[in-house]
Asks: 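This is the structure, below, for whatever I ask next.
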Amino acid sequence: MELEKIKNSFDKDGYIWIKNFFNNDEVDTFLKAFKDEDWIKKSKLPNSPEISSHKDLQNLLKHKKLLEILKLLTNNNLTYFGTGSILGNNEENSITWRRLHVDTRGNPENPYGRTYYDPSKKTWPVINVFIYLEDFENFSGCLKVVDGSHKKFLPTLGNYLKVFFNVKKKTKFDGKYSLSSIPFFNLFKMKNIKSKPGDLFIFNHALHHSPNSMILKKFPNVVLPVLFENILERIVPKIFKPKSKVRKMISIHYGVQSDELERYNISRKQYLNEAFIKDSKFFNDENYRDELNKLGLKSNINLKKYILDSAE
């Protein structure tokens, strides 16, 4: 896919999906980290320590082809703030729930609460890179997204009331919510990202998405709403393809430095600990960060301070 098309697609849909982005050797290298149980257990979290603490993942932050795309999507203001990790190395760490949600978190009054703003007027400055390392064409468990929903509110009663009655909130960025932020056609824009090992998926955190989607055996291209998946899985589970036992994936957050990114950064400390950052080259090796900077990747290491302050 041409870079210009990638940028236009990302701005319009809120995500890009590039198949076979990573070659077989790169995928094999990533998978080595998933077999390193001693390293993964160091964090004592559902996820691994920060990715630059593992020799097989350190170069992922320097991946020139990936950085070229990410810099384009952030208008050459790409920032990494240290929350990259791996998930799904065993069955216990697999995600079992599913619901449409967004990851827009953090505001001045509540560091762990939602951020209130009109998504049709402002672009959320945090994006995520997902590298799934499972076969989601033949198994259930893929990510579900809604095209263009990063510019819409989640379809909840509270959000509808907020728009129609313009409920006043101290934390919103501007005066009024707009009708264009209402997700009238969400049901018709849902898509299952049936990725395979080597695929690259990048999305804006304001995109409506849900993990662990169920895929029908006879009609695999039919995309069911999350509510229907939850009901049918309980009543007639045999109509779906079996779930992948684990959901091996690499998740890396990036963004454009801003107040919203910093608040989101602060909100991450509730899920992390000192062990997460202890052996990280990103947080503890200035020369490593200089290498990233030369490649056009800016560094924000404030998360280290937030975690250490919380531990005191």
Side-chain angles (χ1 to χ4, degrees), residues 12-19 34 46-47 86-105 114 119 128-161 163 181-251 271:
K12 175 178 175 289
D13 298 328
Y15 69 91
I16 54 168
W17 175 17
I18 305 177
K19 298 182 179 182
F34 285 84
N47 54 292
I86 70 171
L87 296 159
N89 59 297
N90 56 46
E91 291 187 41
E92 288 74 22
N93 284 352
S94 292
I95 295 173
T96 56
W97 56 271
R98 66 181 70 90
R99 63 179 173 81
L100 275 182
H101 65 286
V102 298
D103 292 321
T104 52
R105 290 283 172 178
R114 292 185 179 89
N128 207 350
V129 170
F130 275 3
I131 305 169
Y132 283 107
L133 297 167
E134 298 295 328
D135 175 6
F136 288 124
E137 285 189 356
N138 295 303
F139 293 91
S140 291
C142 69
L143 186 71
K144 187 189 304 295
V145 300
V146 182
D147 284 0
S149 58
H150 62 305
K151 298 179 181 179
K152 307 289 182 181
F153 283 117
L154 277 170
T156 65
L157 177 61
N159 281 336
Y160 286 123
L161 292 173
V163 172
S181 66
I182 291 291
F184 290 111
F185 303 107
N186 255 25
L187 284 175
F188 306 101
K189 295 183 178 182
M190 291 185 177
K191 182 176 294 184
N192 289 330
I193 307 301
K194 294 182 284 188
S195 57
K196 295 182 74 86
D199 289 0
L200 172 69
F201 190 77
I202 305 173
F203 67 100
N204 186 291
H205 268 196
L207 189 75
H208 305 178
H209 60 284
S210 174
N212 197 31
S213 294
M214 301 302 293
I215 307 298
L216 292 165
K217 289 179 180 177
K218 291 189 175 180
F219 305 100
N221 293 325
V222 173
V223 182
L224 296 174
V226 177
L227 177 62
F228 287 8
E229 288 180 341
N230 289 334
I231 294 173
L232 291 174
E233 185 187 18
R234 291 187 177 186
I235 300 173
V236 282
K238 291 184 179 180
I239 67 172
F240 296 111
K241 291 184 178 183
K243 293 182 186 177
S244 176
K245 289 185 178 180
V246 294
R247 298 176 73 253
K248 295 187 185 75
M249 64 173 292
I250 302 171
S251 172
Y271 303 114

Asks: Rounded to the nearest 0.5 Å, what separates atom NZ in Lys243 from atom CZ in Phe136?
Replies: 11.0 Å

Asks: Rounded to the nearest 0.5 Å, what's the gap from CD1 on Ile215 to NZ on Lys194? Could you check?
Replies: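 Reported value, rounded in 0.5 Å steps: 5.5 Å.
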
Asks: Do the non-hydrogen side-chain atoms of Ile86 and Asn47 ever get within less than 4.5 Å of each other?
Replies: no

Asks: Please check if the side chain of Glu134 supplies one atom and the backbone of Arg247 the other of a donor-acceptor pair under 3.5 Å.
Replies: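 Judged by distance alone, no pair lies under 3.5 Å.
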
Asks: How far apart are the closest heavy atoms of Arg99 and Ser210, and which atoms are they?
Replies: N-OG, 3.0 Å

Asks: How long is the span from the CG atom in Leu224 to the CG atom in Leu187, to the nearest 0.5 Å?
Replies: 11.0 Å

Asks: Can you tell me if Lys196 has over 12 outside heavy atoms packed within less than 6.0 Å of its NZ?
Replies: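 More than 12 within 6.0 Å, yes.
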
Asks: Give a yes or no on whether Lys217 atom NZ has more than 12 heavy-atom contacts from other residues, nucleotides or ligands under 6.0 Å away.
Replies: yes

Asks: Apply side-chain contact (heavy atoms from CB on, under 4.5 Å) to Asn186 and His208, showing your working.
Replies: CA-CA 9 Å; Asn186 255 25; His208 305 178; 3.2 Å; yes

Asks: Identify which one of Val146, Asp13, Val145 satisfies the side chain to side chain contact (heavy atoms under 4.5 Å, CB included) criterion when paired with Leu207.
Replies: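 Answer after filtering Val146, Asp13, Val145: Val145.
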
Asks: Got a sec, which pairs hit ring pair (Phe, Tyr, Trp, His ring centres under 6.0 Å) with one end in residues 209-228, sequence neighbours left out?
Replies: His101-His209, Phe203-His209

Asks: Would you please indicate if the ring centroids of Tyr15 and Phe201 are separated by under 6.0 Å?
Replies: yes

Asks: Kindly determine whether Phe139 and Lys241 satisfy side-chain contact (heavy atoms from CB on, under 4.5 Å), including the steps that lead there.
Replies: CA-CA 5 Å; Phe139 293 91; Lys241 291 184 178 183; 5.7 Å; no

Asks: For Ala206 and Asn204, which heavy atoms make the closest approach, and how far apart are they?
Replies: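 Taking every non-hydrogen atom into account, N-OD1, 2.8 Å.
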
